[in-house]
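Reviewing the structure listed below.
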Amino acid sequence: HGALLLHQFGTASRMLRMFVALGYAYTASSSSSTTGTNNKNSTSAAVGGTSGANALLRQILKTTTMLLLITPSSSTNTTQEAEKEMAKLLHATIIRMFHDVRPKVRKAAF
């Protein structure tokens with residue numbers, strides 16, 4: 001139902017933005033933890049951690065795109081608050097990932 005989606009859109013938006021922040025933090029922490037170590041196992045763990053973060057970010061992009069597409073956009077149902085939340089979600093997820101250095105994440109943003 002459209003009204004229920006609009007009512008819960010702020011919560012869904014905050015949750016998705018939090019997962020994006022966690023995905024970037026997870027990638028940064030896994031790359032910084034292997035800096036200075038030449039252990040083959042730690043390098044393999046970092047690559048696995050990075051690919052897991054990449055997959056998380058790509059799934060968030062798919063979810064965000066679908067959420068923005070199905071959200072009712074008629075001016076009578078959409079409040080200013082919901083429009084602000086839509087803009088925050090768009091900028092924090094899709095627009096941010098257009099400039100990502102990882103090719104798979106950038107491709108998913110398009």
Side-chain angles (χ1 to χ4, degrees):
H1 193 264
L4 180 62
L5 179 61
L6 282 176
H7 183 333
Q8 294 297 325
F9 190 85
T11 305
S13 173
R14 283 189 295 276
M15 182 189 65
L16 287 169
R17 287 183 281 143
M18 178 203 56
F19 281 128
V20 168
L22 286 174
Y24 278 109
Y26 186 67
T27 303
S29 70
S30 66
S31 66
S32 67
S33 68
T34 59
T35 305
T37 62
N38 292 329
N39 188 356
K40 186 176 180 178
N41 291 335
S42 66
T43 305
S44 299
V47 170
T50 303
S51 66
N54 290 348
L56 173 69
L57 292 172
R58 290 192 312 267
Q59 288 301 318
I60 290 169
L61 279 168
K62 288 179 187 177
T63 305
T64 301
T65 303
M66 290 305 299
L67 184 62
L68 289 171
L69 286 173
I70 65 170
T71 302
S73 62
S74 67
S75 60
T76 57
N77 291 337
T78 307
T79 64
Q80 256 187 337
E81 258 182 56
E83 288 176 358
K84 287 179 184 178
E85 284 295 325
M86 286 181 206
K88 282 183 192 176
L89 181 62
L90 179 69
H91 287 285
T93 57
I94 298 172
I95 302 296
R96 179 179 183 182
M97 291 183 204
F98 277 136
H99 306 291
D100 199 288
V101 295
R102 295 164 286 195
K104 286 185 178 181
V105 174
R106 253 193 338 264
K107 183 180 176 186
F110 285 103

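Under the salt bridge (Lys or Arg N to Asp or Glu O under 4.0 Å) criterion, the residue pairs touching residues 90-101 are Asp100-Arg102, with sequence neighbours excluded.
Of the inter-residue distances, the one linking Ile95 atom CD1 with Leu90 atom CG reads 4.5 Å to the nearest 0.5 angstrom. Rounding to the nearest 0.5 Å gives a distance of 8.0 Å between CG of Leu56 and CG of Leu22.
A single hydrophobic cluster is not seen to contain both Val101 and Leu57; linkage of ILVMFWY side chains at heavy-atom distances under 4.5 Å, directly or through other members, places them apart. One hydrophobic cluster holds both Phe19 and Phe98 under the rule that ILVMFWY side chains link at heavy-atom gaps under 4.5 Å.
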Anything under 3.5 Å between a donor and an acceptor, one on a side chain of residues 62-69, the other on a protein residue two or more places apart or in another chain? List them.
{"from": "Thr63", "atom 1": "OG1", "to": "Gln59", "atom 2": "O", "distance (Å)": "2.9"}
{"from": "Thr64", "atom 1": "OG1", "to": "Ile60", "atom 2": "O", "distance (Å)": "2.8"}
{"from": "Thr65", "atom 1": "OG1", "to": "Leu61", "atom 2": "O", "distance (Å)": "2.8"}

Let me check something: any side-chain donor-acceptor pairs from residues 8-15 under 3.5 Å, sequence neighbours excluded? List them with distances.
{"from": "Ser13", "atom 1": "OG", "to": "Arg17", "atom 2": "NE", "distance (Å)": "3.2"}
{"from": "Ser13", "atom 1": "OG", "to": "Arg17", "atom 2": "NH2", "distance (Å)": "3.4"}
{"from": "Ser13", "atom 1": "OG", "to": "Glu85", "atom 2": "OE1", "distance (Å)": "3.3"}

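Among residues two or more places apart in sequence or in another chain, the side-chain contact (heavy atoms from CB on, under 4.5 Å) test is passed with Lys84 by none.
The two residues Gly23 and Ala53 have their closest heavy-atom pair at O-CB, 3.7 Å.
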